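What follows is one structure encoded as structure tokens, with my remarks underneath.
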There are 2 protein chains.
Amino acid sequence: MRAEATSVSDARLRAFVGYNMKRAMNVLQADLARTLQPFGLRMLTFSTLSMIVENPGLRPSQLAEALLIERANMVVYVDQLEQAGWVTRAPNPLDRRAHALHCTEAGACVYDQARAAVEAHDRRMLDGLRADEVATVRKALGRIEVGS
Amino acid sequence: MRAEATSVSDARLRAFVGYNMKRAMNVLQADLARTLQPFGLRMLTFSTLSMIVENPGLRPSQLAEALLIERANMVVYVDQLEQAGWVTRAPNPLDRRAHALHCTEAGACVYDQARAAVEAHDRRMLDGLRADEVATVRKALGRIEVGS
DNA sequence: TATTGTTATACTCTATAACTATA
DNA sequence: TATAGTTATAGAGTATAACAATA
């Protein structure tokens, strides 16, 4: 027997777009984690690998700035990619404090495969939405990101 | 002198709506945390308090299910609200395993004030968007939440 | 047997301070 | 002095297993 038969409502919270966005983000994040797990990647290590593949030679601090991640935390993600053999830290002759990040052949290979899976994941998340609706969502997300 | 003058691009990641949503959610979360800090609340303790105010007498397990949070984690949030004197755990005579959650007068008071601040925060996040655009965003978030 | 609340634990993400070696 | 990479640490969110009391 249930102690409370009365229905539970989150209607007041549903009024907040932020609340709906948090719930959607939880679902999206869990689905993306499942998508990337077979590749040995997570959302942040995938993003990091993507940036290194697409911007060969960039420095960790540039990477952290672009991904809105603290430099201190970026170290860990690059560590994990380096230990997996997908990324290298090369000394930078122009500035001996800096490192130049490059992906390996294995890194480029896993990136191509993971990227295809993430593309399918992204399409799944947007399934049933028209192109103009997706554009509106992008616009709204962009405004939230720069505003605040 | 900068070691790398070449520009860094996250254009490939920008193609993913999930990436844009993650960035927007980070900004939104940080802004909401700043909004709730003066009240001694965080996103999850505010959501929990809201549910208890709007659904007096509900059980922690119902609360966890409604907020998509594990029961084990819910315990901590109710603990914090109880220690602040905003929520009470009453024994449930119908089921001695269960607790009935109620807010105190102080809890209802801080909720009213925090809720007004969260409403202002939510409006700020959506500033510049038309009503039909907000509706589209809600629709998209709803599809992502139930889909997956 | 199943459920409720709970404890313990682990992993992830985020944020800050401080150190070193360079510039 | 300022910056790049790093280490250490703490707070917060998430997830699972397991236990005692109760149904």
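Sequence lines set the chain letters: A, B, ... in the order given, protein chains first and strands last, and positions in each chain run from 1. Here the structure is a predicted model, which means the values were calculated and not measured.
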I'd like to know whether B:Met74 forms a side chain to side chain contact (heavy atoms under 4.5 Å, CB included) with B:Glu70, so could you lay out the CA-CA distance, the side-chain angles of the two residues, the decisive distance to 0.1 Å, and finally the verdict. CA-CA 6 Å; B:Met74 192 78 260; B:Glu70 296 298 322; over 6 Å; no
Reckon [X] has a side-chain N or O less than 4.0 Å from the OP1 or OP2 of [N]?
{"X": "A:Arg34", "N": "D:dA15", "value": "no"}
{"X": "B:Arg96", "N": "D:dT22", "value": "yes"}
{"X": "A:Arg59", "N": "D:dA4", "value": "yes"}

Using atom [atom1] of [X] as one end and atom [atom2] of [N] as the other, report the distance to the nearest whole Å.
{"X": "B:Asn92", "N": "C:dT4", "atom1": "CG", "atom2": "C1'", "answer": "11 Å"}
{"X": "A:Leu32", "N": "D:dT14", "atom1": "CG", "atom2": "P", "answer": "16 Å"}
{"X": "B:Asp95", "N": "C:dT4", "atom1": "CG", "atom2": "P", "answer": "8 Å"}
{"X": "A:His99", "N": "D:dT3", "atom1": "NE2", "atom2": "P", "answer": "19 Å"}
{"X": "B:Phe46", "N": "D:dG13", "atom1": "CZ", "atom2": "C1'", "answer": "18 Å"}
{"X": "B:Arg71", "N": "C:dT9", "atom1": "CZ", "atom2": "P", "answer": "19 Å"}
{"X": "A:Met74", "N": "D:dT7", "atom1": "CE", "atom2": "P", "answer": "14 Å"}
{"X": "B:Asp79", "N": "D:dG13", "atom1": "CG", "atom2": "C1'", "answer": "16 Å"}

Going by the side-chain contact (heavy atoms from CB on, under 4.5 Å) test, name the single residue among A:Thr35, A:Leu41, A:Leu32 that passes it with A:Phe46. A:Leu41
Qualifying salt bridge (Lys or Arg N to Asp or Glu O under 4.0 Å) pairs, either residue in residues 37-55 of chain A, two or more places apart: A:Glu54-B:Arg12
Among residues at least two apart in sequence or on other chains, which ones pass side-chain hydrogen bond (donor to acceptor under 3.5 Å, both in side chains) with B:Arg23? A:Glu145, B:Tyr19
Quick test of your reading: applying ring-ring contact (aromatic ring centres under 6.0 Å, His included), list the pairs with at least one residue in residues 68-104 of chain A, sequence neighbours left out, ordered by first then second residue. none
Of all pairs that satisfy ring-ring contact (aromatic ring centres under 6.0 Å, His included), the ones with a partner from residues 22-44 of chain A, not counting sequence neighbours: none
Using heavy-atom distances to pick each residue's nearest nucleotide on DNA chain D, tell me which of B:Pro93 and A:Val78 is more 5'. A:Val78
Carboxylate-amine/guanidinium contact A:Arg143 B:Asp127, below 4.0 Å: no
Please identify which of these residues, A:His121, A:Arg123, A:Arg115, meets the side chain to side chain donor-acceptor pair (under 3.5 Å) condition with A:Glu119. A:Arg115
For A:Leu101 and A:Arg59, the nearest pair of non-hydrogen atoms, with its separation, is CD1-C, 4.2 Å
Describe, as an angle rounded to 10 degrees, how the axis at the first end of the helix from C:dT1-D:dA23 to C:dA23-D:dT1 is tilted relative to the axis at the last end, five pairs per end. 10°
Counting only side-chain heavy atoms from C-beta out, which of C:dT4, D:dT6, C:dT6 sits nearest to A:Val75? D:dT6
Enumerate all atom pairs, one protein N or O and one N or O from nucleotides 11-15 of chain C, separated by less than 3.5 Å.
| residue | atom | partner | partner atom | Å |
| --- | --- | --- | --- | --- |
| C:dC13 | OP2 | A:Arg42 | NE | 3.0 |
| C:dC13 | OP2 | A:Arg42 | NH2 | 2.9 |
| C:dT14 | OP1 | B:Lys22 | NZ | 3.3 |
| C:dT14 | OP1 | B:Asn26 | OD1 | 3.4 |
| C:dT14 | OP1 | B:Asn26 | ND2 | 3.1 |
| C:dA15 | N7 | A:Asn73 | OD1 | 3.3 |
| C:dA15 | N7 | A:Asn73 | ND2 | 2.9 |
| C:dA15 | N6 | A:Asn73 | OD1 | 2.8 |

